[in-house]
Peer 1: 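Dropping a structure here in structure tokens format, bear with me for questions.
Lettering follows sequence order; numbering is per chain, from 1. Treat the numbers as computed from the prediction; the structure is a model and nothing was measured.
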Protein chains: 2
Amino acid sequence: MYIKCQVTHKVKRLHMATIKDVAKQANVSIATVSRVVNNGPKVGKETRERVLNVMREIGYVPDANARALVKQKSDTIGVVVPDISDPFFAALASGIDKVARKNNVQMLLSTTAVDAEAEQKAIEMLIERRCESLVVHSKKLSDEALLTLAKRVPGMVIIDRYIEEIAERCIWLDNYQGGRIAARYLHTLGHKHVACITSSYQIEDPKLRLQGFTEGLSDVNVSVRCVEQGEPNQQGGEKAAQAIISQHPEVTAVFAYNDAMAIGAISTLEDNGYKVGQDISVIGFDDVLIARYSRPKLTTLKYPIELMAQQAAELALNINKASDNSPNISLYKHLPQLVKRESTHLLG
Amino acid sequence: MYIKCQVTHKVKRLHMATIKDVAKQANVSIATVSRVVNNGPKVGKETRERVLNVMREIGYVPDANARALVKQKSDTIGVVVPDISDPFFAALASGIDKVARKNNVQMLLSTTAVDAEAEQKAIEMLIERRCESLVVHSKKLSDEALLTLAKRVPGMVIIDRYIEEIAERCIWLDNYQGGRIAARYLHTLGHKHVACITSSYQIEDPKLRLQGFTEGLSDVNVSVRCVEQGEPNQQGGEKAAQAIISQHPEVTAVFAYNDAMAIGAISTLEDNGYKVGQDISVIGFDDVLIARYSRPKLTTLKYPIELMAQQAAELALNINKASDNSPNISLYKHLPQLVKRESTHLLG
DNA sequence: TTGAAAGCGCTAACAC
DNA sequence: GTGTTAGCGCTTTCAA
């Protein structure tokens, strides 16, 4: 028994100080220590001082895991995104982080490949960690899978996707209208020969944007000359533009799936002697950082992702508190906003 | 007593299923359930099946907090950065996330304002969460403060900063040499009238880069014509360039503190009739995404932050395992690499 | 192969 | 004001 105690003690030295250590040193009970740690109400001024000092001395740091265990909550908001190095998702994460900080909550980030299984696992991991709030960007999981998950986790909200059954927990962008807005603008500028660069990824967003674009255009009796697919990055945009100018030299305006593709397209166009913003118009989508840095500055549709992320975080955090059961769902649908810069021009 | 039990039971229904629920349902002890959850060795095949089924049925998800408590480790790597929406730090986070995923570890992100107290608190919070590994980017905390923290947390590594006493836990970039490299290159191109745009933030990096730049230049008998300070962003670069062209029109080359400032400078320059890459050269620092998207494409010094972050994460993770006590510290110092693109030109 | 029991560090009654 | 105590959900000996 002696030996065991000694060993235990020895091991302890390597670990962090616990509430017991503080209690012993300060000659109080652990309850009292707990009270001063949590700024509890009934603690003698002198006692509090003494405990505080001991805490400082031995470098006591409360164990959040233990606390989470007994309180049944971890003050953590979980976030699922495909890739944090993508500026779009960085903005998303940043928005969530801002409201998390304001609410004294930590952000736990889980990245996924763009892959259903990875998405499922990422969410599961956050549930294991007992995140009471979750903001999930998922493109690959089925509606059913997401629904099941949502049922299990009341504080889970979906961002960038609309699922009717849980509409009150979806913060999303109307991609279809985005396409229409682009179409209308190009029409206003007088363009009759337009092309569209879309993403080859099999998710809804590009389809909806293209559909909105096409329909918006056909409303004014112009039809899309050609649709080029590609990876949704600069290179994809470059290749697509190549195809467009070689096969459809009559085109005077291009609507790209996102800013990266738009900028890739611009690069190809300029390299081939076109003056973007004079000879040809290019319009992007998202309005990420590069849209402002590019030359010519990119006309694009602003995806207010940071704002949406903040809203999503707020929602996720609030569901668990006072559940405002009359949410104004109409506020959850966002519309992209046209940002006119230099890459588009009035025809003729 | 009855009442209490009932109440307890009622509350339980709202919460997640626990190991006990599984045990009861499957008619085994919690020890057995634990074994199957952790793929323990000695469990009867039939028993395992039964337990697995029950787990699925009642949707059991182990509580990571409880596990962390008893195992005294949380399989979490903590990261401290000022602002995740900054592409530079997004890249840093992404690097860490990659190795975290590979090691089945979650990433806990803590952002700070650029402020000593916030940095301290961020780190403390991660210690509370019992992150066994930490990667910290801190510019405002003093060496002493960082040293104290490092002593308390063996798995803490510092990134983007060198502190001699814990050199074996610092992954850093030689900013001074970066400045020299820029100087040498500009000299090679024949420039004699050069300016420097530096950051007004009071941290070491800009000072070192400027010092390296100045000394590198004076080695070849050219002196820096003027040094403009500004916020380390596009706008700061714009203003600085304004000052340079109005006060020192003879300047033919500019070394900017970072890519954002460089691009701001380019923007002002072009707006004032200069052809960057022909009339005047601009060189940036970092090589973030925008350097490749800008027009002209930016010549810059690559800060291999993602690589460094991976190395930092690897180091932080390994310190706690087999402590390789003969680390090759020389590998921890990184050199920025010149990336020649279009914003610089041979003079004359 | 399985179960009983002792905690991990902490909070929250409840008692004094 | 302060202490005692019963867990939170889990892992891990030690017995059986």
Side-chain angles (χ1 to χ4, degrees), chain A residues 1 3-5 7-9 11-12 14-24 26-51 55 58-75 127-130 132, chain B residues 1 3-5 7-9 11-12 14-24 26-51 55 58-75 127-130 132:
Chain A
M1 198 51 175
I3 291 171
K4 191 165 178 192
C5 282
V7 169
T8 306
H9 190 256
V11 170
K12 268 253 173 69
L14 299 174
H15 286 39
M16 305 210 70
T18 77
I19 200 173
K20 279 186 194 161
D21 301 327
V22 179
K24 205 169 294 172
N27 252 302
V28 293
S29 73
I30 59 169
T32 300
V33 178
S34 177
R35 286 187 193 103
V36 350
V37 169
N38 298 289
N39 274 310
K42 301 148 176 291
V43 188
K45 198 170 149 65
E46 189 232 349
T47 313
R48 161 164 274 126
E49 287 299 318
R50 186 150 36 94
V51 172
M55 277 173 43
I58 67 177
Y60 169 70
V61 180
D63 183 323
N65 294 120
R67 178 183 280 142
L69 178 57
V70 43
K71 304 244 289 201
Q72 296 284 47
K73 52 177 282 224
S74 64
D75 287 325
I127 298 179
E128 286 190 6
R129 293 283 214 285
R130 295 298 185 267
E132 41 271 348
Chain B
M1 196 54 174
I3 291 168
K4 190 166 179 192
C5 281
V7 170
T8 305
H9 188 256
V11 170
K12 266 250 173 71
L14 299 174
H15 288 40
M16 306 209 68
T18 77
I19 199 172
K20 278 185 195 163
D21 301 327
V22 179
K24 206 168 294 172
N27 252 303
V28 293
S29 72
I30 59 169
T32 300
V33 178
S34 177
R35 286 187 192 103
V36 351
V37 169
N38 298 290
N39 273 310
K42 299 148 178 290
V43 189
K45 196 169 150 65
E46 189 233 348
T47 312
R48 158 164 276 127
E49 288 299 319
R50 187 152 34 95
V51 171
M55 277 173 43
I58 67 177
Y60 169 70
V61 180
D63 183 323
N65 295 119
R67 177 184 279 143
L69 178 57
V70 41
K71 304 245 287 202
Q72 296 285 46
K73 51 177 285 228
S74 63
D75 288 326
I127 298 180
E128 285 189 7
R129 292 278 213 289
R130 295 298 186 268
E132 41 271 347

Peer 1: Within the distance-only criterion (no hydrogens, no angle test), does the side chain of B:N38 pair as donor or acceptor with the backbone N or O of B:G40 below 3.5 angstrom?
Peer 2: no
Peer 1: Considering non-hydrogen atoms only, spot the tightest contact between B:A23 and B:S29 and give its length.
Peer 2: CB-C, 3.9 Å
Peer 1: Once you round it to whole Å, what is the distance between C1' of D:dG9 and CE of B:M55?
Peer 2: 14 Å
Peer 1: What nitrogen or oxygen pairs link the protein and nucleotides 1-3 of chain D at under 3.5 Å?
Peer 2:
from, atom 1, to, atom 2, distance (Å)
D:dT2, OP1, A:T47, OG1, 2.5
D:dT2, OP2, A:G44, N, 2.5
D:dT2, OP2, A:T47, OG1, 3.2
D:dG3, OP2, A:S29, N, 2.8
D:dG3, OP2, A:S29, OG, 3.1
D:dG3, OP2, A:T32, OG1, 2.7
D:dG3, O6, A:R35, NH2, 2.4

Peer 1: Decide yes or no for B:E132 and B:D75: does some side-chain heavy atom of the first lie under 4.5 Å from some side-chain heavy atom of the second?
Peer 2: yes
Peer 1: Would a 4.5 Å heavy-atom cut-off, applied to side chains only, mark B:I58 and B:V22 as touching?
Peer 2: yes
Peer 1: Please confirm whether the shortest side-chain N or O distance from A:S34 to OP1 or OP2 of C:dC10 is below 4.0 Å.
Peer 2: no
Peer 1: What is the distance, to the nearest angstrom, from the CE atom on B:M16 to the P atom on D:dG9?
Peer 2: 11 Å
Peer 1: Taking only heavy atoms on the protein side, list every residue of residues 58-75 of chain A lying under 4.0 Å from any atom of DNA chain D, sorted numerically.
Peer 2: A:L69, A:V70, A:Q72
Peer 1: Hey, are the side chains of A:R130 and A:L69 touching, using non-hydrogen atoms and a 4.5 Å cut-off?
Peer 2: no
Peer 1: How far apart are the closest heavy atoms of A:T32 and A:V28, and which atoms are they?
Peer 2: CB-CB, 4.1 Å
Peer 1: Specify the angle, to 10°, made by the local axes at the two ends of the helix from C:dT1-D:dA16 to C:dC16-D:dG1 when five pairs are taken at each end.
Peer 2: 40°
Peer 1: Give the rounded distance in Å between these two atoms: CD of B:E128 and C1' of C:dC8.
Peer 2: 17 Å
Peer 1: Using salt bridge (Lys or Arg N to Asp or Glu O under 4.0 Å) as the criterion, list what pairs up with A:K24, not counting sequence neighbours.
Peer 2: none
Peer 1: Take the protein atom NZ of A:K20 and the nucleotide atom P of C:dC10, then report the distance between them rounded to whole Å.
Peer 2: 9 Å
Peer 1: Is there a side-chain contact between A:T47 and A:R35 (heavy atoms, below 4.5 Å)?
Peer 2: no
Peer 1: Find the distance B:I19:CD1 to D:dG7:C1' and express it as a whole number of Å.
Peer 2: 16 Å
Peer 1: Please identify each residue that fulfils salt bridge (Lys or Arg N to Asp or Glu O under 4.0 Å) with B:R50, with sequence neighbours left out.
Peer 2: none
Peer 1: Applying side-chain contact (heavy atoms from CB on, under 4.5 Å), can you list everything that pairs with B:I19, at least two apart in sequence or on another chain?
Peer 2: B:I30, B:V33, B:S34, B:Y60
Peer 1: Could you check whether any side-chain heavy atom of B:N39 comes within less than 4.5 Å of a side-chain heavy atom of B:R48, counting everything from C-beta outward?
Peer 2: yes
